[in-house]
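Input: a single structure, listed below in structure tokens.
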Protein chains: 2
Amino acid sequence: MTDAFQLDTKAWKLLEAVQADGRAPLKTLAEAAGLSIAATAERLRRLQEAGVIRGVHADVDPAKVGLPVQALIGITTAQPHKQALLKVLRARTEVLECHHVTGADSYMMHIAVADMAALESFLGDINRWGETRTAIVMSTPIFRRGLRRQ
Amino acid sequence: MTDAFQLDTKAWKLLEAVQADGRAPLKTLAEAAGLSIAATAERLRRLQEAGVIRGVHADVDPAKVGLPVQALIGITTAQPHKQALLKVLRARTEVLECHHVTGADSYMMHIAVADMAALESFLGDINRWGETRTAIVMSTPIFRRGLRRQ
DNA sequence: AATGAAAACCCTTGCTG
DNA sequence: CAGCAAGGGTTTTCATT
């Protein structure tokens, strides 16, 4: 189900190229991978079908659209409340990402909000479901790095 | 410098469309935004120039390329060691993302590794720079959700 | 800023080696 | 998988508003 896909050098070069620029024309990706255009199109199609490439998405800067404050929030919730909490989190546009994790926290999430008042309000709302721990993001020195061949 | 960009309804529709499918043809994006193809291309160009769109990237599933174990790691480091630690983290392909945060932790990072042995080895290496706290990611119920109009 | 139309470029398909 | 060619789409450019 979640098995690793067999990737040769050309597949890795192709993945690196399409991670770097998802809108690059096939011609450019083909040159990067050392493949013909037709072979590149076919490989891309298969990588997507296999789920190696989950999608291609524009990355929008939260700060540029009015959400300059980011935070990482952990929340400890009792098992019976997990589903209700998740439903609430899914409904809140502030939540960029949320992981179900081992340890003291049940969930760790990454949020972006307009200002400290919005953060306070968000925390007030979710505190109903458990105790939270919040770390404000000051900067992001390593940002969503593409996967490379080990 | 990091000022919010003025976005009208059509710009938001365009952003939503290109976040949903970064490789969609201009024709499709244009229909989603209610613009002509030429106007769509021009707006996309300006959104990228302004940094609202930071890039368009293929999203590769770590599990499918041999990195099925993910973890969120916090590390507490004394100020004089921060630069050295960051240099190490940048050099390690395991690190997907790393935030400089407020609170007890200096950095919070998201990593993907091949197995528990690789996680143990990674932690052993960075423990030289400070105390770490590790949460294993069991699942990711909310994954890199695109930004929507508030 | 937006439009429509022309020109340039790109992608797909089918074929051969 | 490469190369080629034909065709149909797509993107870019540009004159116009």
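On a predicted model such as this, the values are computed, not experimentally measured, just so you know. So you know, we letter chains A, B, ... as the sequences are listed, proteins then strands, and number each from 1.
In this structure, the CD atom of B:Glu42 is 16 Å from the P atom of C:dG4, given to the nearest Å. Summarising the geometry, the separation between CZ on A:Arg43 and C1' on C:dC11 is reported as 19 Å, rounded to the nearest angstrom. A:Leu14 places its CG atom 14 Å from the C1' atom of D:dC1, with the value rounded to the nearest Å. The CG atom of A:Leu35 sits 11 Å away from the P atom of D:dG3 (whole-angstrom rounding).
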- Task: Determine, for nucleotides 8-17 of chain D in 5'-to-3' order, which nucleotides have protein heavy atoms under 4.0 Å from the base (write B), from only the sugar-phosphate (write S), or from neither (write -).
- Result: --SSBB----
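Between B:Arg45 and B:Glu42 there is a salt bridge, since a side-chain N of the basic residue sits under 4.0 Å from a carboxylate O of the acidic one. With salt bridges taken as basic N to acidic carboxylate O contacts below 4.0 Å, none links A:Arg149 and A:Asp8.
Between B:Ile75 and the choices B:Met109, B:Lys82, B:Arg133, the side chain to side chain contact (heavy atoms under 4.5 Å, CB included) rule is met once, by B:Met109.
A cation-pi contact, defined as under 6.0 Å to the ring centre and within 45° of the axis, is absent between B:Arg46 and B:Phe5.
Residue contacts for A:Gly34: at a heavy-atom cut-off of 4.0 Å it reaches the sugar-phosphate backbone alone, with no base atom in range. Residue contacts for B:Arg46: at a heavy-atom cut-off of 4.0 Å it reaches the sugar-phosphate backbone alone, with no base atom in range.
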Side-chain polar contacts of residues 110-125 of chain A - donor-acceptor pairs under 3.5 angstrom, sequence neighbours left out - could you list them?
unit_1: A:His110; atom_1: NE2; unit_2: A:Gln70; atom_2: OE1; d: 2.6
unit_1: A:Asp115; atom_1: OD1; unit_2: A:Ala117; atom_2: N; d: 3.3
unit_1: A:Asp115; atom_1: OD1; unit_2: A:Ala118; atom_2: N; d: 2.9
unit_1: A:Asp125; atom_1: OD2; unit_2: A:Arg92; atom_2: NH1; d: 2.6

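Rounding to the nearest 0.5 Å gives a distance of 5.5 Å between CD of A:Glu97 and CZ of B:Phe143.
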